[in-house]
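The shown structure was predicted, so the numbers you read here are calculated from the model rather than taken from an experiment.
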Number of protein chains: 2
Amino acid sequence: MGPSDIDVTASGLAEPGLAGHPGLPTADIAESCRPVTEILSRIGDKWSILIVMVLSDGPRRFTQIKHTIDGISQRMLTLTLKGLERDGLVTRTVTPTIPPRVDYELTALGHSLREPVNALGRWAFANRPAILKARALFDRT
Amino acid sequence: MGPSDIDVTASGLAEPGLAGHPGLPTADIAESCRPVTEILSRIGDKWSILIVMVLSDGPRRFTQIKHTIDGISQRMLTLTLKGLERDGLVTRTVTPTIPPRVDYELTALGHSLREPVNALGRWAFANRPAILKARALFDRT
DNA sequence: CAGGATCCCGTGAGATACTG
DNA sequence: CAGTATCTCACGGGATCCTG
C-alpha cells in the first residue's frame, strides 16, 4: 500500500463497462478493466481477504485477529488494517483505557465485498482440482 | 489464553464448500480460505486478469496481446501466459511457419473464471466512488 | 495492548540484448 | 515473430526492538 495513488496514466476517468463483447475496440480493454485491477491490487495482497473474512463474524480486537490469522506479523496486520480503513472497508474504534483497546469492524461496504469474494471462492473451490491437475500435468513434461 | 477465548459463531463464513462448517475453530479460517487466497495469488498479479479479459473475445497472437495491453513487457507477457497455461486457463498453439505463429486461447476453465471476475468487476465499478471518497477523506486528516 | 521505527532480504517486474 | 537470458532495482513483507 503505497503512500501515493494507484492511477498511473492520465488523471482521466475510465469509462464504464466490463470488457468482453465482440466488436468492442480491443485497445480499450485495459482501460475498461482498470476498476477491476484497482480493486484486485487492493484485495489481492497477502492478507486483506483473510482479515475481511475474520471480521465478517463481527468486530475483533487487534491481537484477536493476529492470533486468528496464523503467520501474519503485527507489522503487516497494522499496515493492512490501515489500508482497509483508508478505503472505507473497515472501521477502527479506540477505547482509551489502560492498556488501550482497539476494535476493528467491517463497514457496510466491507460486508458487501464478501459477496463477490465468496463467488470467487466458490469458483476457486470448485475448480481447484482441475487447476492442480493441469499444473501437475504441465510440470511433468 | 487459547483459542477458547475467541467467540465462534461462524455464521458469515458458512458458504457452500467454503469456510466455516459450524463449530469450526476460528483458528482454521486461514486454512479454509486457502483456495481463495491461492486463486487470488494466481489472478491477483499485475497482468493475469487483463490477459484473460483480452482473450475472452477469442484467440489472439502474442504480439496482438502485447499491443492490446498497454505497458506490459514481453517478459511479463511470456511469464504470465506460461502461468495461465500451466494452470489450465489458457492453451498455447504453435504454428511452425517462418516466422512462427503462436495463438493463445482461453480454455473452458478460463472462460468460466470470467464470471466471478466480472462479479468482482461489477462490485469494483459500483463502489469505486465510495472507495475513492473514503480514501480522500482518510488522506486529508 | 496496540503500534511505530528500523533493518534486512527475496522476488516481482522493467529494460535491454540476443536467437531460432 | 515469439520468445530466452541477464542485469537491475523497488518494494512487499518478515524479524526485532522500542513506546504510550
**Asked** Do the side chains of B:I131 and A:E38 get nearer than 4.5 Å, heavy atoms only?
**Response** no
**Asked** Of the candidate nucleotides D:dA2, C:dG4, C:dC1, which contains the atom at the shortest distance from the side chain of A:K82?
**Response**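 So the side chain of A:K82 is nearest to C:dG4.
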**Prompt:** Given C:dT6, D:dG3, C:dA15, which nucleotide is nearest the side-chain atoms of B:V102?
**Reply:**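 Looking only at heavy atoms from C-beta outward on B:V102, the closest nucleotide is D:dG3.
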In whole angstrom, what separates [X]'s [atom1] from [N]'s [atom2]?
X: A:M76; N: C:dC9; atom1: CE; atom2: P; result: 19 Å
X: A:I65; N: C:dC1; atom1: CD1; atom2: C1'; result: 13 Å
X: B:L81; N: D:dC1; atom1: CG; atom2: P; result: 16 Å
X: B:E85; N: D:dA2; atom1: CD; atom2: P; result: 15 Å
X: B:L79; N: D:dT4; atom1: CG; atom2: P; result: 8 Å
X: B:R75; N: C:dT11; atom1: CZ; atom2: P; result: 13 Å
X: B:R101; N: D:dG3; atom1: CZ; atom2: P; result: 12 Å
X: B:I72; N: C:dA13; atom1: CD1; atom2: P; result: 10 Å

**Item:** Shortest non-hydrogen contact between B:L106 and B:S56, atoms and distance
**Value:**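 Residues B:L106 and B:S56, closest heavy atoms: CD1-CA, 3.9 Å.
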**Prompt:** At their closest point, which heavy atom of B:C33 faces which heavy atom of A:L50, and how far apart are they?
**Reply:**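 So the minimum-distance heavy-atom pair works out to CB-CD2, 3.5 Å.
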**Upstream residue (5' side of DNA chain D) when A:P100 and A:Q74 are each assigned their closest nucleotide** =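 Of the two residues, A:Q74 wins.
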**Message:** Run the side chain to side chain contact (heavy atoms under 4.5 Å, CB included) test against B:T97 and tell me which residues pass, sequence neighbours left out.
**Reply:** B:T95, B:R101
**Asked** Between B:T78 and D:dG3, is there a side-chain N or O to OP1/OP2 distance below 4.0 Å?
**Response** no
**Distance test, side-chain N/O of B:Y104 to OP1/OP2 of D:dG3, below 4.0 Å** =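 Yes, B:Y104 has a side-chain N/O under 4.0 Å of OP1/OP2 on D:dG3.
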Which side-chain N or O atoms in residues 72-79 of chain A pair as donor and acceptor under 3.5 Å with protein atoms at least two apart or in another chain?
{"unit_1": "A:S73", "atom_1": "OG", "unit_2": "A:M76", "atom_2": "N", "d": "3.2"}
{"unit_1": "A:T78", "atom_1": "OG1", "unit_2": "A:Q74", "atom_2": "O", "d": "2.7"}

**Request:** Look at the side chain of A:D45 and the backbone N and O of A:S48, then say whether any donor-acceptor pair between them is shorter than 3.5 Å.
**Result:**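 Present.
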**Message:** Using a 3.5 Å distance criterion without hydrogens, assess whether the side chain of B:T91 forms a donor-acceptor pair with backbone atoms of B:T107.
**Reply:**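 Looks like no, no N/O pair under 3.5 Å.
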**Item:** Residues touching DNA chain D, which here means a heavy atom under 4.0 Å, drawn from residues 38-52 of chain B
**Value:**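 Under 4.0 Å from DNA chain D: no residue of residues 38-52 of chain B.
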